[in-house]
**Student:** 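First the structure, which I've put down as structure tokens, then a few questions once you've had a look.
Letters go in sequence order (proteins before strands), and every chain restarts at 1. What you see is a predicted model; the values in this text were computed from it and never measured.
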Protein chains: 2
Amino acid sequence: MEPVSTEQVAAFRRFNRYFTRRIGVLNDHYLGQDRPLGEARLLFEIAESPAGVSLRELRSRLGLDAGYLSRMAKALQAQGMVRLRTHPDDNRLRMIELTPAGRVEVKEQNRRADTLASDVLKGLTAPQRQQLIDAMATARRLLRLAAITVEWVDGHAPDARACLDAYAADLDARFPEGFDKADLVRPEQVSGDAGAFFVAYEEGRPVGCGALRRLEPGMGEIRHVWVHPDARRLGLARRLLAAIERESLRRGWHVVRLDTHAVLTEARAMYRACGYREIPAYTDHVYGQHWFEKRLTG
Amino acid sequence: MEPVSTEQVAAFRRFNRYFTRRIGVLNDHYLGQDRPLGEARLLFEIAESPAGVSLRELRSRLGLDAGYLSRMAKALQAQGMVRLRTHPDDNRLRMIELTPAGRVEVKEQNRRADTLASDVLKGLTAPQRQQLIDAMATARRLLRLAAITVEWVDGHAPDARACLDAYAADLDARFPEGFDKADLVRPEQVSGDAGAFFVAYEEGRPVGCGALRRLEPGMGEIRHVWVHPDARRLGLARRLLAAIERESLRRGWHVVRLDTHAVLTEARAMYRACGYREIPAYTDHVYGQHWFEKRLTG
DNA sequence: CATATTCTTTGACTTTAGTCAAAGGAACCT
DNA sequence: AGGTTCCTTTGACTAAAGTCAAAGAATATG
């Protein structure tokens with residue numbers, strides 16, 4: 001991979017500096033009213049789970065010390081913002097949820113944040129606003145993509161199975177005829193010499209996968225390329241594909257094939273854009289209605 | 001002006017949240033080594049002024065309490081990072097500047113920040129990197145523009161004169177024949193019924209100006225439209241122009257004219273893009289080589 | 001020249017943010 | 001049933017961040 005130019009690094013940092021000074025600071029100080037930042041952040045995080053969250057969950061989400069969190073929770077309770085209860089199934093866990101007053105408070109803070117954002121945008125004309133929003137969306141998309149890593153994992157790994165389960169559920173909802181999990185590759189088909197399995201992680205969370213397995217000598221098959229709904233439209237599928245192709249080449253499988261379902265039109269478009277060409281049926285797979293092939297060059 | 005759509009506000013906040021979580025947090029914690037954040041920030045701010053700054057200046061720039069700053073300065077001095085001296089002309093002021101060791105430290109922190117930025121960019125392909133940098137540049141440009149306000153000020157106001165002085169110095173450097181300050185409008189020509197003066201402010205600092213004065217009944221003349229070098233390429237000149245035109249219309253001067261120097265080619269392009277058309281000479285102004293006119297419609 | 005103002009330093013606080021360890025109750029494991 | 005693990009609470013800290021007011025020195029102002 002090419003080195004990063006110093007000019008790009010400088011531009012990146014220039015934006016970071018300006019942005020944190022302009023927006024970052026404002027947001028935090030302004031929002032919390034007279035509540036300390038830690039409490040305000042906690043309140044917001046609790047609001048994310050309307051049905052209530054365990055302290056344990058909050059602790060790992062916000063990376064807080066147990067004692068610190070316990071005290072902040074108590075403080076919010078004293079202010080009437082939250083209610084604390086023990087978990088119905090596990091008396092060790094404490095569940096925390098907003099009271100009506102807490103919900104009002106969060107709503108008010110959100111309103112204030114909206115006003116702030118709106119005030120910034122008001123300084124621009126309508127086309128400029130759209131341009132800003134578009135630029136931010138692009139920047140966010142690319143920042144997210146930059147933070148996602150594609151990693152090789154064993155076909156038996158829990159993350160691999162979790163992705164495949166989500167993949168299966170996804171297809172089951174999209175295929176008119178549903179999807180039978182029996183069609184998924186078995187762990188041993190994508191382990192060792194038989195194949196490989198890749199999982200994409202965003203901040204520790206699996207958000208996509210893709211499998212490679214041996215089809216015949218010198219030829220691999222790509223299966224189960226899937227991206228979590230939250231991580232779509234980032235260009236992640238291409239990254240997964242690239243990782244699989246690299247691995248295929250490494251093994252000396254210079255041709256890869258795949259089949260895909262008729263309803264997955266975006267997938268077809270992507271494969272074409274990535275250099276795959278449609279070929280005649282090479283399987284009589286239940287869910288295969290389009291077949292593709294690509295000759296890899298390293 | 002059109003109201004801001006809630007979808008745009010939501011997108012704006014989405015970016016803010018993501019960005020501050022991803023970048024904001026990292027930057028601060030990582031950089032400071034084992035120095036407290038406040039001191040690290042102070043060190044960086046001092047580094048911005050290689051010739052030294054007064055504590056007073058730092059206090060207003062960073063919005064710190066006098067006592068707090070005094071103590072932090074002492075701490076940095078004890079660490080050998082800065083040198084404190086009294087101002088040569090005013091013994092009340094203390095000047096602070098980096099020692100060689102301080103400069104090394106800042107350099108090291110900068111190197112670390114560069115590495116951090118570079119690490120993020122490394123996760124992208126070369127075209128994606130450029131796309132991210134471009135999106136950030138666009139976002140920054142528009143955020144800055146949104147923060148700039150154009151205000152009516154009296155022609156005698158110090159900010160008005162400061163802008164005109166900078167304008168004159170600027171032109172003096174760019175015109176082959178130099179620029180004579182006697183050519184500037186006199187304050188009374190742009191005050192009251194005779195005309196108006198506008199200054200653009202970015203975070204309290206004047207960064208541009210523009211004047212309107214009566215040429216003949218029903219006709220105004222635009223003069224001295226200028227933007228500070230730091231604030232160019234933001235689209236600020238157009239904003240100044242728009243403010244002047246609005247004021248002209250308000251006064252019932254339905255036609256505005258202006259002249260401009262041959263070397264200012266960007267200015268000419270902008271006037272054309274803003275609906276001005278070139279007309280025959282209406283003055284025999286020393287620095288006028290192109291003449292423009294626009295009929296205003298409200 | 002006296003008085004007001006400006007700027008910095010110092011002492012004496014407070015609040016936030018965060019850490020660590022001990023302890024108690026509940027659930028899990030064998 | 002007994003030990004282990006898990007989760008939360010509490011007490012006892014520390015460091016950072018920030019506030020307020022008094023005091024002292026220098027400068028500006030009438």
**Student:** Using atom CG of A/L64 as one end and atom C1' of D/dC7 as the other, report the distance to the nearest whole Å.
**Tutor:**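 After rounding, the gap between these two atoms is 15 Å.
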
**Student:** Which whole-number value in Å describes the distance from A/L42 CG to C/dT16 C1'?
**Tutor:** 14 Å

**Student:** Assess, by modelled atom type and distance only, whether the side chains of A/Q79 and A/E105 contain a donor and an acceptor separated by less than 3.5 Å.
**Tutor:** no

**Student:** Using atom types as modelled and distance alone, determine if a side-chain donor or acceptor of B/H224 lies under 3.5 Å from a backbone N or O of B/V185.
**Tutor:** yes

**Student:** Both atom distances under 3.5 Å, Watson-Crick or G-U wobble: I'd like the secondary structure of DNA chain D as a dot-bracket string, with | for pairs made across strands.
**Tutor:** ||||||||||||||||||||||||||||||

**Student:** Nucleotide by nucleotide, 5' to 3', does protein get under 4.0 Å of the base (B), only the sugar-phosphate (S), or neither (-) in nucleotides 3-14 of chain C, counting heavy atoms?
**Tutor:** ---BSBBBBB--

**Student:** Given atom CG of B/L37 and atom C1' of D/dG18, what is their separation to the nearest angstrom?
**Tutor:** 14 Å

**Student:** Once salt bridge (Lys or Arg N to Asp or Glu O under 4.0 Å) is applied, what residue pairs with a partner in residues 139-161 of chain B remain, sequence neighbours excluded?
**Tutor:** B/R144-B/E202

**Student:** With a 3.5 Å cut-off and no angle check, do the side chains of B/Y18 and B/R22 form a donor-acceptor pair?
**Tutor:**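 Checked: B/Y18/B/R22 side chains pair up, N/O donor to acceptor below 3.5 Å.
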
**Student:** Write down the distance between CG (A/D89) and P (C/dG25), rounded to a whole number of angstrom.
**Tutor:** 22 Å

**Student:** Taking atom C1' of D/dA15 as reference, at what distance in whole Å does atom CZ of B/R35 sit?
**Tutor:** 16 Å

**Student:** Would you mind checking if B/R112 and B/E108 are paired as a salt bridge, meaning a charged N to carboxylate O distance below 4.0 Å?
**Tutor:**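 Salt bridge: yes.
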
**Student:** Is the closest side-chain donor-acceptor distance between A/R61 and A/S49 under 3.5 Å?
**Tutor:** yes

**Student:** Which value, rounded to the nearest 0.5 Å, describes the distance between B/R13 atom CZ and B/T6 atom OG1?
**Tutor:**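 Spacing of CZ (B/R13) from OG1 (B/T6) equals 12.0 Å.
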
**Student:** Take atom CG of A/L76 and atom P of D/dT9, then tell me their distance rounded to the nearest Å.
**Tutor:** 13 Å

**Student:** Take atom CZ of A/R85 as the centre, draw a 6.0 Å sphere, and report whether it contains more than 12 heavy atoms from other residues, nucleotides or ligands.
**Tutor:**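 Not buried by this count: 12 neighbours or fewer within 6.0 Å.
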
**Student:** Closer than 4.0 Å, any side-chain N/O of B/N91 to the OP1 or OP2 of D/dT27?
**Tutor:**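 For B/N91, the contact criterion (side-chain N or O under 4.0 Å from OP1 or OP2 of D/dT27) is met.
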
